[in-house]
Structures are given as C-alpha cells and as structure tokens.
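Right, one structure below, let's go through it.
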Amino acid sequence: MSFEKPVSPKKTNFQGLATLAVHAGEARQKAEHSITDPIFCAATYTFEHTQAVLEYLDKKVPREEYGRYGNPTEKVVERKLAALEGGETAILFSTGMAAIAIFLLAKLQAGDEIVLFDECYHRTREFCTKVLGRFGVVTHLVPACEYQKMESAITPRTKLLMSESPTNPHMSVVDLEQFVAIGRRHGIETVIDATLATPYNLRPLDWGVDYVIHSCTKYLAGHNDLLAGVVIGRTEALEPVRKLRGVIGAISDPMNIYLLLRGLKTFALRMERHNQNGLAVAQFLANHPRIERVYYPGLPSHPYYEVARRTMRGFGGLVTFLVKDADAQQTARIVDALRIPRIGPSFGGVESLVEQPIIMSYHDFTPAERRAVGIYDNMIRLSCGVEDPQDLIADLQQALEK
Ligand SMILES: *Cc1c(COP(=O)(O)O)cnc(C)c1O
C-alpha cells in the first residue's frame with residue numbers, strides 16, 4: 001500500500017528495498033563461485049607471517065582477526081542492514097537487548113541523563129532504570145508522544161532522547177519531526193527503536209534521527225528461529241559502540257548470522273504481506289460487534305493515524321484489540337479458541353502469534369500498575385504472520401463467535 005503524499009522528507013525513500021534485501025552488501029562473485037555467502041566457523045583467523053600481523057595491526061589490511069570482533073558473513077549482513085536503513089554503518093549484536101544495552105553503555109557515563117518515552121519494551125525500561133541507574137545514569141520516563149513533557153525533562157546533563165515507534169502494544173507513533181526538533185534545540189542526540197516499523201515502513205534517519213535500533217529477531221530475520229539486534233548510524237559516532245561490543249562479546253555465532261542473511265532475502269516480500277494482513281485484520285476487528293477498540297495506526301480511529309499516514313509506508317502486522325464486556329477469563333477463551341496463531345511472546349515472524357498482555361508480559365504487575373500503563377484484562381495482541389488474510393479473518397470470526 002502507498003499514499004499519494006510523500007512519506008519521508010527524502011524523495012528516494014522506500015525505493016528498491018526488495019532489490020537491496022536480496023543483493024546489498026554482498027560481493028558479486030563469492031568464494032568458490034557460490035551464489036550464497038559461506039559460513040565461517042572460525043574462532044580465530046591466522047596470519048602467513050609476522051609481517052602480516054604487523055601490517056594488520058597498523059590497519060594497512062582490512063581482514064578478520066578473532067571471532068569476538070566479527071566474521072566475514074557478519075560484515076555482509078551489516079552492510080545489507082545499513083543499506084536497507086539508508087545509514088552509514090550497522091553493528092550487529094547477538095540480540096536486540098544486547099544492541100540496546102551496549103549502545104547505551106558506550107554512549108553514557110555516570111552523571112549523564114536520558115529521557116525515554118515510557119511506552120517501551122519493558123526490558124529497555126528495566127535496563128535504563130535498574131542497571132544504568134546503578135552506575136549513576138539517570139533515566140527520566142515521560143508519557144509516550146508527550147513532546148512538551150519530554151522537553152521539560154531535559155537538563156544540562158541530558159545526553160540522549162530515546163523512543164520506540166510504533167510502541168508496543170499500544171502502537172503509538174512518534175512524530176519524528178517534533179522528536180528530532182527537540183533534540184536539535186538542545187544539542188542532544190536522538191535514538192529510535194524501530195523494531196515494529198522496520199526500514200520497510202519507517203525511515204527514522206531520513207527525518208534526522210541519529211541512531212536506529214532494531215531487534216532483528218522480529219521482522220528482519222522474520223522466521224521466529226533466531227535472535228539478533230542491530231544499531232545503525234554514522235560510522236564515527238558508532239566507533240565506541242563497536243569497540244565495546246568487541247570487549248563484551250555480544251556477537252552472534254556464524255550459523256545464526258547465516259540464518260539472518262537468508263531471512264533478509266525475503267524481507268520486503270514478507271513486509272508487504274505483514275502490512276496487508278495487519279490492515280485487513282484491523283479493519284475486520286474494527287467492524288466486529290464484539291470488539292471494543294482496535295489499536296492499529298492504519299485505522300482512521302487511531303489517535304496517531306495522521307502521524308502514521310504522514311511518516312509510514314505501511315503499519316505492520318501487529319494488531320492490539322480490546323474485547324467488549326469481557327473479563328480476563330473470557331478474553332483467554334478467545335485466545336485459546338484461535339486455531340492459526342500460536343500463543344507466545346514475540347512478533348514479526350512468518351507464523352502468526354497471539355498473546356494476552358496481562359498474562360504474557362504483565363503477569364507480575366498489580367491490576368493498578370497494569371491500568372496505569374494501559375494494559376487491560378480484555379486486551380489481546382495479535383502478530384499477523386504471512387498466512388492468507390482470509391484465513392486469519394475466518395479464524396478470528398470463529399473464535400469471537402464462541
Ligand atoms: C523484542 C524487542 C526488543 C528486544 O529484542 P531481542 O532480540 O528479543 O533481545 C527490543 N525492542 C523491541 C521494540 C522489541 O520488540
């Protein structure tokens with residue numbers, strides 16, 4: 001789906017992503033004339049003689065040294081992800097959380113402050129408040145998309161403004177123009193975790209955001225079969241992040257990286273179907289008498305529809321909804337009655353997944369704490385996979401009739 005209005009300040013956006021997904025970052029002729037990049041199961045890389053070691057250390061020859069610092073297939077994936085995002089450099093990590101944690105550890109020091117929109121992945125919130133807090137970094141949580149509150153939380157010590165977009169499970173969409181403008185006014189760098197949007201649907205760097213983070217575990221890898229994360233931005237600014245990754249060792253193993261490379265080949269194709277399925281399911285639910293509310297930025301009823309329309313190409317496969325007059329048990333019965341989606345955390349894979357947030361992600365919250373963060377007993381989060389939309393809709397229809 002596409003809109004007439006330009007969806008990004010740069011006219012060239014969203015062009016050729018399917019071609020980039022297949023070819024970007026790869027050499028045209030590969031080892032042994034293979035069409036695929038090989039897997040290098042090497043913990044270490046050897047040198048012909050001492051002079052070769054010295055030349056490498058003097059940075060004369062780009063090559064591999066030791067598995068904790070990278071491997072050849074990983075460099076291909078990093079170049080492909082940077083190309084897809086339209087960024088200079090991508091750094092790959094073992095998980096999305098490793099990307100977030102090491103990025104923040106590399107960028108911040110004791111006494112620094114960070115302002116974070118509160119509708120974010122609960123582990124990100126936990127890392128900022130509980131872990132970074134122990135090292136003297138202060139996190140200010142402000143309500144999602146409340147730009148004045150974000151600006152008011154800035155102090156002379158603020159070093160980063162951070163948000164997800166869209167957020168999960170409420171699907172709030174950040175107005176990147178306003179977000180970046182706040183950063184620029186105060187000379188503070190901005191970072192967006194765009195895992196839910198992917199570069200197929202949102203181009204944060206084109207709006208002037210400094211860094212984009214993704215959990216590649218979700219749409220980018222796309223097959224619910226691996227974990228990975230990435231940070232994308234300017235090469236020089238990310239150098240400390242790459243160094244710290246090498247110190248900590250949060251790097252994927254070679255097999256995992258190969259699977260990610262393979263998954264990325266069909267990234268654009270999959271996103272097209274996720275977008276179609278998400279919208280079709282959201283529209284079906286919005287018109288169903290048993291549904292109280294649907295959270296999907298592609299619906300005109302969504303509070304962030306206008307922002308989403310202006311900035312996104314499509315709205316992804318994640319649909320959150322409330323069942324009318326249902327308690328927690330009645331809602332669970334609908335989840336259990338679904339035949340196609342499996343019950344599980346995560347999203348973005350080819351298989352549809354479903355969960356009741358009060359059970360899956362907010363089990364240890366009190367009812368008051370849940371209400372405070374907008375998590376309700378009758379809430380269901382559905383991650384539409386790439387199945388046929390009519391099958392997903394028929395499945396929801398039968399489950400809602402029970
Ligand atoms: C899943 C997720 C993460 C964490 O990624 P992992 O690969 O599971 O470590 C971070 N941010 C968002 C928005 C996510 O959905």
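As the structure lists them, so they are numbered: ligands from 1, and atoms in each ligand from 1.
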Please tabulate, line by line, the atom pairs linking an N/O of ligand 1 to a protein N/O at a distance below 3.5 Å, with the distance in Å to 0.1, or answer 'none'.
unit_1, atom_1, unit_2, atom_2, d
ligand 1, 5 (O), Ser215, OG, 3.0
ligand 1, 7 (O), Gly96, N, 2.8
ligand 1, 7 (O), Ser215, OG, 2.8
ligand 1, 7 (O), Thr217, OG1, 2.6
ligand 1, 9 (O), Gly96, N, 3.1
ligand 1, 9 (O), Met97, N, 2.8
ligand 1, 11 (N), Asp193, OD2, 2.7
ligand 1, 15 (O), Lys218, NZ, 2.7

Next on the checklist: Using modelled atom types and a 3.5 Å cut-off, is there a donor and acceptor pairing between side-chain atoms of Asn275 and backbone atoms of Glu272?
Outcome noted: no

Next on the checklist: Can you pull out every salt bridge (Lys or Arg N to Asp or Glu O under 4.0 Å) where at least one residue sits in residues 71-96? Sequence neighbours excluded, please.
Outcome noted: Glu26-Lys80, Glu64-Lys75, Glu74-Arg245, Glu78-Arg242, Glu78-Arg245

Checklist entry - Okay, side chain of Thr217, backbone of Ala228: is any donor-acceptor separation there less than 3.5 Å? => result yes

Checklist entry - Does the separation of the ring centres of Tyr296 and His302 fall below 6.0 angstrom? => result no

Item to check | Arg293 to Tyr295 six-membered ring, cation-pi geometry met (6.0 Å, 45°) | outcome: yes

Item to check | Exam field: side chain Asp118 to backbone Ala144, donor-acceptor pair closer than 3.5 Å | outcome: yes

